[in-house]
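To keep things clear, I will list the structure first and then write my remarks on it.
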Amino acid sequence: MSIYDTLNKEQKEAVLTTEGPLLLLAGAGSGKTRVLTHRIAYLIDQMGVNPWNILAITFTNKAAGEMRERVDQIVGFGADQVWVSTFHSTCVRILRRYIDKLGYDNHFTIYDTDDQKSIIKDVCKRQMIDTKTLKERSVLSAISSAKNELLSPTEYELQAMGDFQKKKIAACYKEYQRELKKSNALDFDDLLVMTVELLKSCPEVLNQYQERFRYIMVDEYQDTNTAQFELIRLLADKYRNLCVVGDDDQSIYKFRGANIRNILDYEKVYPEAKVIKLEQNYRSTGNILDVANAVIRNNRGRKEKTLWTAKEQGSRIHFRQFDNGYEEAEYISDDIAALVRKGQAHYGDCAILYRTNAQSRALEERLVVDGMPYKVVGGINFYARREIKDILAYLKTIDNGRDDLAVKRIINVPKRGIGNATLDKIQSYADMRGITFYQALEQMDQITSLGRAASKLEPFVKMIQVFKAKAKYYGIVDMIHEIMDTIDYGAYLQDLDDDDANDRMENVEEFLNRAVFYEQTHDEISLSEFLEEIALVADIDSLENGADRIVLMTLHSAKGLEFPCVYLAGMEDGLFPSYMCISSDDPGDLEEERRLAYVGITRAQEELTLTCARSRMIRGENQYNPVSRFVQEIPRELMDNTPPQTRAMEPGDFRPKAILRPRVTPKENKPYIAQGIGGLNKIAGITKGDSMETLGELEYREGDRVRHLKYGEGTVLQIAKEPRDYKVTVTFEKAGQKIMYASFAKLKKV
DNA sequence: TTTTACTTCGTTTTT
DNA sequence: CGAAGTAAAA
């Protein structure tokens, strides 16, 4: 009995088909990850393939991590040699080695969305673009789409002939790209574009990677865009051992450039391709599957397949309509509480999915009131938070002085009296000389126009130089401490907004934890590498498996996950499907939305509940929406409740009730912190289940002698109780007086 | 240069 | 409604 005997017929065939192009049409829950990992094992153990020659590509770090783990479990020897990674990390690894061939410095930085925005803002200003008619966001998304389609600025310009608007965008694209290059920076899309360009222009590099990656596997193939497709095609061109796995019914990233044709036309590009369909679902009950099939059936232009299950029919799915979003939230919260009470589920078995991130708020508020443990995935990215970005900008400046944006961000943080006027003077000097902003700073005595401002700049430059020198032998954690102490960041945060200071400090602490984790898990500590790993994290990556908490996330984030109990909230026409795509003239938009519904439904293993509200607060006003058309597509006999027919709104249909419920913001009263990214939900010294308000006792009092890791010994001058932490003032022998947070400072009584 | 008060605008979805 | 950006005042 081998590990391969546990596979069904189709799965087994997929595993044994090792040579040539292979398209795996894997329906939801059909065990595709299992097939992929077993296929890798089979290649290594049975076919004698060198693990070194295998590449497995996923979209998120989480997926990559899981695959890595499972491969490790079943492959006897050499599993760590298999290259398992995301598209973006793969590209970064290649570019770090060879991007100099494209005229970039191998030490490039990666710009995130915020960075992109500030660049494009500048560019638009210089191009004299009226941002009322042509918004920066649209320019940016046009550039992104162009890159996804591998269109260079010049090619885009050619295409724009005669189109006034497009010509403007083309000009922006060109200048935007020039700016990025000047800062030796790449945006997310560039990572792919540049890698493709590199492989196309350097045959010897291409050949090297073709030889290395003789067996290639791509997960979630339906979500690949043209650039990703081209990258894969190039790499696989020599040996043609390309196995792609995907489900056209789960293609939900068109807005991000995903090209559904990549999967639909796979057989045209690879005529010799073998196609295997995995249609047996191991995840959901028969009823849930029937619901999913009934909904997706309404889409045209899909590869025909019908999921089936050997599982029992299970209970009917649930449908409930409420007067407003608050009652919807209350119901879901109560329902989960009841399940848990009856012992039918754990919190961690339950997921609440919604269309837009904004919907999480009402749900969160309710869960907080009811004291339910939960965790929100998504929203504002952890690394996009102000306090984290500040520290990151310091690190980037120290690591790579060419990152103008980072330097400009921190030059007046904390306030040094350096304003826009000064910045502009330095920038124009830099432009004149063709040097970077930081280089201009270093030679500021040459900039005569600066006048008195120079005296404010000098200490800043000195400080960075000291940091740079220390960075040579300091670890990352030490470096962060050093920065924070030098600029007295805690005081700065408090000055900024006393209410938020605590939250922000917690985030900083979590950031430090990650730095510690990085140092512990890497033999060679490199600041650049650390910054790079951070740049490529997605929200979903943080979702840890073990925690017993209700998970809240968007339908998009939920792809690839499964839960015993799933709640789909906000099933209303206008919200889901969104108003945007109902009014769109492209019927494909609605189909994509329907696929999203399909993804949502197929996340459920046992119980599925659909909820909606008659009225809902959106953008500060009440909206009245009918029940989602996707609910109407579900046969009545599969539901425990009959949804009201969708019909046009008439006056007097709804009686909007005054909502008396006091609004509680999660911020003031949160048993579990709900923040963008996982792992965040711990506060030092407070274990899960504790309420934040029950502040632990401190082991020292005013007047006691204490020891600090960095400052050494001192005397506690004052302890002030704050909502979630103690603020301790200590006079240190060596370092002098410092004000710090107890949970952060980790003071020890002596 | 910094702070404050007022206006505007947005919601899909994110590696 | 709330965040974020802009104009005016200090």
Side-chain angles (χ1 to χ4, degrees), chain A residues 57-64 85-92 110-114 116-118 121 131-132 135-137 140-141 144 147-148 186-192 220 223-225 227-228 251-258 325 353-362 377-381 383-384 386 412 414-424 452-453 456 495-496 535-541 553-559 570 574-584 589-590 592-593 595-597 599-600 616-623 659 663 665 676-677:
Chain A
I57 291 201
T58 64
F59 272 83
T60 65
N61 293 303
K62 184 174 195 286
S85 141
T86 66
F87 271 105
H88 294 271
S89 331
T90 302
C91 289
V92 170
I110 300 165
Y111 272 0
D112 66 15
T113 323
D114 282 350
Q116 290 181 298
K117 257 191 221 142
S118 45
K121 213 174 148 186
T131 46
K132 283 251 155 50
K135 274 169 252 129
E136 284 136 6
R137 307 176 6 142
L140 220 42
S141 86
S144 176
K147 288 184 178 179
N148 288 159
L186 303 185
D187 65 21
F188 281 122
D189 301 316
D190 279 338
L191 295 176
L192 290 153
E220 306 283 11
D223 290 330
T224 51
N225 61 35
Q228 288 160 335
S251 163
I252 54 173
Y253 281 108
K254 186 176 158 202
F255 71 94
R256 217 172 61 194
L353 311 180
Y354 37 78
R355 181 64 237 267
T356 65
N357 274 312
Q359 287 170 259
S360 72
R361 197 186 186 114
V377 176
I380 320 152
N381 189 311
Y383 293 106
R386 174 195 212 134
N412 202 30
K415 298 226 153 46
R416 300 186 178 93
I418 303 166
N420 275 329
T422 313
L423 250 62
D424 286 347
R452 281 182 296 121
K456 294 172 182 162
D495 213 42
L496 208 64
L536 299 175
V537 212
D539 290 316
I540 194 69
D541 296 338
M553 65 182 128
T554 64
L555 289 153
H556 281 88
S557 304
K559 187 162 63 80
L575 190 62
F576 185 37
S578 78
Y579 178 74
M580 289 286 228
C581 73
I582 294 175
S583 49
S584 159
D589 288 355
L590 187 67
E592 170 131 331
E593 205 81 347
R595 289 194 289 272
L596 198 52
V599 167
R616 187 182 293 276
M617 273 286 236
I618 292 172
R619 288 221 289 272
E621 57 181 341
N622 269 328
Q623 265 187 23
I659 298 158
R663 302 223 328 162
T665 56
I677 201 159

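Within every chain, numbering begins at 1; the chains are lettered A, B, ... in the order of the sequence lines, protein sequences first and strands thereafter.
When the nucleotides dT15(B), dT13(B), dT1(B) are ranked by their closest atom to the side chain of Thr554(A), dT13(B) comes out on top.
No hydrogens or angles were tested; on distance alone, a donor-acceptor pair under 3.5 Å links the side chain of His88(A) to the base of dT15(B).
Ser578(A) has no side-chain polar atom (N or O) that falls below the 4.0 Å cut-off from OP1 or OP2 of dT13(B). Side-chain N/O atoms of Asn412(A) include one lying less than 4.0 angstrom from OP1 or OP2 on dT2(B). Residue Thr422(A) places at least one side-chain N or O under 4.0 Å from the OP1 or OP2 atom of dT1(B).
Side chains of Ser85(A) and Thr90(A): a donor on one and an acceptor on the other come within 3.5 Å.
Looking at heavy atoms from C-beta onward, Val92(A) lies in side-chain contact with Leu191(A) at the 4.5 angstrom threshold.
Every residue meeting the side-chain contact (heavy atoms from CB on, under 4.5 Å) condition with Ala227(A), not counting sequence neighbours, appears here in chain and number order: Leu150(A), Leu192(A), Asn225(A).
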The dot-bracket string of DNA chain B, counting Watson-Crick and G-U wobble pairs with both distances under 3.5 Å, using [ ] for crossing pairs and | for pairs to another strand, is ||||||||||.....
Under-3.5 Å N/O pairs linking protein and nucleotides 3-11 of chain B:
residue, atom, partner, partner atom, Å
dT11(B), OP2, Arg137(A), NH1, 2.1

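Heavy atoms of Asp223(A) sit nowhere under 4.0 angstrom from any nucleic acid atom. Across all strands, Phe255(A) comes closer than 4.0 Å to base atoms (heavy-atom distances).
Taking the C1' atoms as reference points, dT6(C) lies 23 Å from dT11(B), given to the whole Å.
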